[in-house]
Amino acid sequence: MNVLVVGSGGREHAIVRQLAASPQKPRLFACPGNPGTADNATNLDPGPNDAAGLVAFCRSRSIDLVIVGPEDPLIAGLADDLRREGLAVFGPGAMGARLEGDKEFAKEVLASAEVPTAHYHAFSSAESALKHLDKIDLPVVIKACGAAQGKGVAVCATREEAEAHIHTCLRDQAFGQSGLRILMEDCLYGTELSVLVVTDGQDYCLLAPSRDHKRIGEQDQGPNTGGMGAFAPVALPSDLYAEIDTRIVLPILAELRRRDIPYRGVLYVGLMLTAGGPQVLEFNCRFGDPETQVVLPLYRGDFLDLCWTTATGELGRHLQGAHRPEGTGPTGWTGSGLTSWDRHAVVVVGAADGYPGPYAQGRPIELPDANSDGGWIIHAGTRRDDRQLVTCGGRVLGAVGVGPSLDAARQKAYDLLDQVHFEGLTFRRDIARTGEGVRK
Ligand code: AMP
Ligand code: GLY
């Protein structure tokens, strides 16, 4: 099988790596990819950056399957464009991707599905948003309605912070179109959980539950980032697995079908586990980053077959037998037999100092010599300058550790990161130690 992965981040490196482990031995291409994907795939760099160019490439190389990694092309309808040309695509069309591209629409879907989420009000004018601030209790969460690279959301403890984020979105238009409408929603308290639902619109399965660490600073201090580290699986109280599946995931998928919104790909459901039960914080229409780096290594099935059957509407075939929890898997978690619950994975992100604000690029990177079975480096913001590997992003790379316990996996990830060197390397030392979330 010939497979094209669209994107250039850590998520895409993790996807390529997992595809390369398939017994089907696929031929892999990444567009544009990064120095990490180059280990297992042919990078198209520079490659086509529009649908017509991608279609022409897919024809010329007999591509069987396209996996679209990032949200922006999905929201723009790339999957629709490719499907119209007869290609099998893993990733939703524009209608499904709107769940991530338009947070107000996501709230409407949640309301019709009767799935718990924070109460909110939406505004397009700073004046009415500021007036609303007079009436509510703080903290309040203010979100750009559109996709903003993980930077559109602010949890505001003070009026000054709230006013500042309203102005950033509506007056300064820092997120362009994406921030011209905002949601102001109640702050939820609890720990967070990322749930990756793979669906072809009919059948679905849940990958290992994972937890991201979104704040830049240890003990969850400072601004939100794209994610500074993650671990999987997250151990939950035993009744929560079934509750998430039947009270959150099932009604959302049923609501998408009711609205005739086709969905073939992964729906990322971001939850806050509150004292009153799980509530939905957000949807993403693609694999989470960095969650993917820890969820995929725990997948027991053939990941290529998962993607292929999802793209072609035959996921049911892949899942046959997977509903039976084998070994240590929890009951009530659809597809739990597909996860190795007795293994653990941790990723610690190595970032450039300054991130999520402005940061330097082009700094030479030194990596450990060899990747071992229990640990490896995932490239995110790296590139090659002649033969030298250099930094080119805020989140530069991730050190992944896998082991029989969370402690072993964490140790492995940090040992690996200790062997990485570039000027300005920063990372959190408390990944997989805390239950990240918002505390009262
Ligand atoms: P989102 O992109 O909507 O997930 O928001 C990014 C992050 O902001 C989440 O992962 C949470 O850490 C935080 N967040 C979003 N909405 C809320 C909320 N209603 N209450 C508390 N924290 C929130
Ligand atoms: N880790 C959160 C995200 O992928 O948006």
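Because only heavy atoms are used, hydrogens play no part in the values below, and waters and symmetry mates are left out as well, while side chains stay in. Whatever order the structure lists ligands and atoms in, that order sets their numbers, starting from 1.
Ring geometry for His132 against His121 counts as tilted: the plane angle lies between 30° and 60°, on a 0 to 90° scale. Note: Trp341 and Tyr241 have perpendicular aromatic rings, judged against thresholds of 30 and 60 degrees for the angle between ring planes.
Heavy atoms from both the backbone and the side chain of Leu281 come within less than 4.0 Å of ligand 1.
Under the 4.0 angstrom criterion for non-hydrogen atoms, Asp186 is in contact with ligand 1. The closest approach between any non-hydrogen atom of Gln279 and ligand 1 is not below 4.0 Å. Residue contacts with ligand 1: Cys187 is included, with a non-hydrogen atom under 4.0 Å away.
Judged by distance alone, with hydrogens and angles left aside, the side-chain atoms of Tyr268 form no donor-acceptor pair with the main-chain N or O of Ser194 at under 3.5 Å. Remark: the backbone N or O of Val390 is not paired with any side-chain donor or acceptor of Thr382 at under 3.5 angstrom. A side-chain donor-acceptor contact under 3.5 Å links Ser178 to the backbone of Ala147. The main-chain N or O of Val402 is never found under 3.5 Å from a side-chain atom of Arg343 such that the two would form a donor-acceptor pair. For the pair Lys107 (side chain) and Ala118 (backbone), a donor-acceptor distance under 3.5 Å is present.
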| task | Begin from the C-alpha positions of Tyr263 and Tyr204 and carry the test ring-ring contact (aromatic ring centres under 6.0 Å, His included) through to its verdict. | result | CA-CA 11 Å; Tyr263 205 105; Tyr204 73 98; over 10 Å; no
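Each of the following atoms of ligand 1 lies closer than 4.0 Å to a heavy atom of Lys103: 1 (P), 2 (O), 3 (O). Close approach of ligand 1 to Lys143 is summarised as follows: ligand atoms under 4.0 Å from at least one heavy atom of the residue are 3 (O), 15 (C), 16 (N). In summary, the atoms of ligand 1 found under 4.0 Å from a heavy atom of Asn224, numbered by their order in the structure, are 7 (C), 8 (O). Listed by number with element, the atoms of ligand 1 under 4.0 angstrom from any heavy atom of Glu185 are 16 (N), 17 (C), 18 (C), 19 (N). Against a heavy-atom cut-off of under 4.0 Å, Leu188 is close to the following atoms of ligand 1: 18 (C), 19 (N), 20 (N), 21 (C).
Asp137 CG: 12 or fewer foreign heavy atoms inside a 6.0 Å radius. The 12-atom threshold is not exceeded at CD of Gln177, counting heavy atoms of other residues, nucleotides or ligands nearer than 6.0 Å.
Of the N and O atoms on the side chains of Ser124 and Arg181, at least one donor lies less than 3.5 Å from an acceptor on the other residue.
The option from His213, Arg215, Glu192 that lies nearest to atom 10 (O) of ligand 1, judged by heavy atoms, is Glu192.
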N/O contact list for ligand 2, threshold under 3.5 Å:
{"unit_1": "ligand 2", "atom_1": "1 (N)", "unit_2": "Asp212", "atom_2": "OD2", "d": "2.8"}
{"unit_1": "ligand 2", "atom_1": "1 (N)", "unit_2": "Gly226", "atom_2": "O", "d": "3.4"}
{"unit_1": "ligand 2", "atom_1": "1 (N)", "unit_2": "Asp289", "atom_2": "O", "d": "2.9"}
{"unit_1": "ligand 2", "atom_1": "1 (N)", "unit_2": "Glu291", "atom_2": "OE1", "d": "2.7"}
{"unit_1": "ligand 2", "atom_1": "1 (N)", "unit_2": "Glu291", "atom_2": "OE2", "d": "3.3"}
{"unit_1": "ligand 2", "atom_1": "4 (O)", "unit_2": "Arg286", "atom_2": "NH1", "d": "2.7"}
{"unit_1": "ligand 2", "atom_1": "4 (O)", "unit_2": "Asp289", "atom_2": "N", "d": "2.9"}
{"unit_1": "ligand 2", "atom_1": "4 (O)", "unit_2": "Asp289", "atom_2": "O", "d": "3.4"}
{"unit_1": "ligand 2", "atom_1": "5 (O)", "unit_2": "Asn284", "atom_2": "ND2", "d": "3.2"}
{"unit_1": "ligand 2", "atom_1": "5 (O)", "unit_2": "Arg286", "atom_2": "NH1", "d": "3.4"}
{"unit_1": "ligand 2", "atom_1": "5 (O)", "unit_2": "Arg286", "atom_2": "NH2", "d": "3.1"}

